[in-house]
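One structure below.
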Amino acid sequence: MKRMFPLLLTILLCGLGASAVHAEGARAVVDTNRLRLGESLTLRVVADFDDARVHMPELADFRVSPRGTSSRMQMINGRTTREVESLYLLVPLRTGSLTIPAISVKGRGVVVHTQPVTVRVAERGVASSTDQPWRVTAEVSNTTPYVGEQLVWTFRFQTAARFQNARLGKPDFEGFSSDEMGEGRAFEQVINGRRYAIHEVTELLIPQKSGAVDIKPASLSVSLVTGRSRRSQDPFFDDFFSSRSVMEQKLLTTDGVSLTVRPLPPYSGDASFSGLVGDFSFTASLEKEQVQAGDPLTLTLTISGTGNIRDAAAPLLFLPGGMKQYGDTPVEEIAMGPGGWQGQKTFKTAIVPLTAGTVTIPPVTLVWFDPKSGSYRTQRSGPLVFTVTENKAAEEVEVFQAGGSAPSMTGVKDEVRLKGRDILPLKVDPDAVTHRAPMSMTVFLAWLAGPLGLCLLVAFGLKRFTRDLSVAQALSRKAARAVKDAEKAVGDNDLFYEKLHVALAAVMGALAGRPVEGMTGEDIRGIVTGAGGRAEAAEACVAILSCVEAARYGGGTEGEGGRKEKLRVLGQLVKEVKA
């Protein structure tokens, strides 16, 4: 036993010494290595040193969205260390076995690499081992519409899990005119014995050109409840405090939708085509059947139905001679229905007949295209007939003609008579007029040149004040102001990223010595390194651009600490530019 004690003590001391040696490094961790096309996975890059900078390589098989950086302190065997965790959402672009390559992390003068990670991606709709209880889809009501025909694009989010902070990123619907169809709807449905919450968002689309058209995928950024924290064993507190729930950020994407838009067939009718596409009807009516000459009569034309009725114009109206017409502003009673725009549009015209008699207005014609039958439809009103009677109450107009009672056309000068003393007499006292010497030419020229000289003096002063101010210095001042504006908006998520994008563009402009717009990651790297900046600063700015784009277009958010870190990086670059 005495011999065993020294041996055990030696082993214990060796174990303590080994555990006290803390090897610095980095590791990449994913929340799942099996998923389906259209789902996302969360990648965490964890570094064991506080000034770690992650250099994410180009991933051809994934779409990458940065989700911020966080840090935490931990104590191991009496030694305090700090871990820096960078979060990314990855959306696979194809199926099969995909590899996330080694990721380099720089800090404390060293470069370390993570181990590659392999994930398997199955086809959309094919059950995977994880069997995720959520799904997003996008579809259209008609994949072969005509030009001008209404169709409905529907985004559906189906989930059996609770969620928060859902933000939908719609496609741009290039080649279509689009309108939102309300705020969407939510309902529950039992599928294969499991209850799901269904959330739908619809968009009304009207194709503007024929041919093959692709609607790009839609994305949904959402925080899903994937479990419950085990920090508490008290069910009362677990239910009372929602923070006990484990939230997982997901970026779900739909498939794109392909359509074939058919052109309208050639039209060869006698009447003009109205340009309407849909299901319509048409009426024409007169206000009354009898009117006196000179009095107005209202003609009403009404187009009603479903389709592009907002584009409806007044049908052509052919009136007989001896009549005047005055059009009025059309009245619309149009609303968004389940199939698109529907309602009626009314056109009123005031007709003024000038002579008595029976008047017949030729039939009014409306031609539209019916996509259900694939043909043009024509509807005509009957002849509109009304009677015009003489207007006996019209005022007689006095007409002068040549003859004995005709007024004389020669001018006769009337006698001027004094009507009163209401006009004050002119002053004729010689002392009332004061003589002033004329202004000399010298004084006149001085008064004339004074304002011009003052303007020249101000312009010279401004030029002298700003002659040493270069474009880069002006942009540097603009960058400093933009960073301060972003600091003020750090508490407002949307406004902050808007100001942060302006600040990033201003800083890049200050480094490049010219205004910069439409930046890419490669542009930023070229500008920063070309100005003599550090490669780490360039990568930090590229990460800022990615985060801004993810927040503005993908719905991603991060904590206030991550926002302040980005401002610190930009602020440091502004100081370097001024130096």
Side-chain angles (χ1 to χ4, degrees), residues 28-45 54-68 86-104 114-140 143 153 155-159 166-175 212-224 248-259 520-522 525 539 542-543 545-556:
V29 182
V30 294
D31 61 339
T32 180
N33 57 3
R34 291 182 179 271
L35 67 162
R36 290 174 288 188
L37 196 64
E39 299 175 349
S40 66
L41 61 90
T42 302
L43 170 66
R44 291 179 170 85
V45 180
V54 177
H55 296 264
M56 179 65 67
E58 294 291 336
L59 302 182
D61 296 332
F62 297 90
R63 182 157 60 92
V64 182
S65 297
R67 284 298 184 267
S86 299
L87 188 65
Y88 301 87
L89 284 182
L90 273 60
V91 178
L93 301 178
R94 65 179 182 88
T95 60
S97 179
L98 310 183
T99 300
I100 302 172
I103 302 171
S104 63
T114 66
Q115 293 294 325
V117 179
T118 302
V119 298
R120 297 193 62 83
V121 182
E123 288 285 353
R124 188 187 304 272
V126 178
S128 64
S129 60
T130 55
D131 192 19
Q132 302 287 16
W134 48 79
R135 184 186 180 194
V136 291
T137 59
E139 59 184 11
V140 293
T143 57
W153 175 87
F155 171 86
R156 171 177 286 197
F157 174 40
Q158 172 182 309
T159 177
R167 297 185 64 180
L168 174 61
K170 297 180 183 179
D172 55 7
F173 299 117
E174 184 177 358
V213 183
D214 293 327
I215 300 177
K216 295 181 180 180
S219 62
L220 180 70
S221 176
V222 62
S223 298
L224 293 166
E248 184 175 355
Q249 185 73 19
K250 287 289 183 181
L251 183 62
L252 310 177
T253 59
T254 68
D255 284 332
V257 181
S258 297
L259 299 88
T520 64
E522 290 301 322
R525 293 187 182 97
E539 295 302 325
V542 171
L545 178 63
S546 299
C547 191
V548 168
E549 292 178 345
R552 297 178 68 187
Y553 308 115

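What you see below is based on every heavy atom in this structure, not just the backbone, and it leaves out hydrogens, waters and symmetry mates. Residue numbers run from 1 in the order of the sequence given.
- With S221 contributing its side chain and R167 its backbone, the two residues share no donor-acceptor pair below 3.5 Å.
- A donor-acceptor pair under 3.5 Å links the side-chain atoms of T32 to the main chain of R34, judged by distance alone.
- In this structure the side chain of V121 reaches within 4.5 angstrom of the side chain of L35, judged on heavy atoms.
- In this structure, I103 and P57 have side chains that are in contact, with non-hydrogen atoms separated by less than 4.5 Å.
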Quiz prompt | Test side-chain contact (heavy atoms from CB on, under 4.5 Å) applied to V222 and W134, step by step | solution = CA-CA 11 Å; V222 62; W134 48 79; over 6 Å; no
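- Taking each heavy atom of V54 and S86 in turn, the nearest pair found is CG2-OG, 3.5 Å.
- Distance OG/S104 to CE/M56: 9.5 Å, rounded to 0.5 Å.
- Across all their heavy atoms, D214 and S258 have their closest contact at OD1-OG, 2.9 Å.
- Residue K216 qualifies as open at atom NZ: its count of foreign heavy atoms under 6.0 Å is 12 or below.
- Closest non-hydrogen pair, A138 versus W153, comes out as CB-NE1, 3.8 Å.
- Side-chain contact check for L59 versus P101: some heavy-atom pair is nearer than 4.5 Å.
- Smallest separation of non-hydrogen atoms from L98 and T95: CD2-O, 4.1 Å.
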Self-check item: Chi angles and distances behind the side-chain contact (heavy atoms from CB on, under 4.5 Å) call for V117, N33
Solution: CA-CA 8 Å; V117 179; N33 57 3; 5.7 Å; no
Exercise. Test L87 against T42 for side-chain contact (heavy atoms from CB on, under 4.5 Å), laying out the working first.
Key: CA-CA 7 Å; L87 188 65; T42 302; 3.1 Å; yes
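- Between R120 and S97, the shortest heavy-atom contact is NH1-CB, 3.7 Å.
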Self-check item: F62 and V119: CA distance, side-chain angles, deciding distance, side-chain contact (heavy atoms from CB on, under 4.5 Å) verdict
Solution: CA-CA 11 Å; F62 297 90; V119 298; 3.8 Å; yes
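- Rounded to the nearest 0.5 angstrom, T254 OG1 and E139 CD are separated by 10.5 Å.
- Side-chain contact between F157 and L168 is absent, with no heavy atoms from C-beta onward closer than 4.5 Å.
- Side-chain contact between L43 and V45: present, with at least one pair of heavy atoms (C-beta onward) separated by less than 4.5 Å.
- Distance check: L89 CG to R63 CZ gives 10.0 Å after rounding to the nearest 0.5 Å.
- We find the OG1-CG distance between T253 and L251 to be 7.0 Å, quoted to the nearest 0.5 Å.
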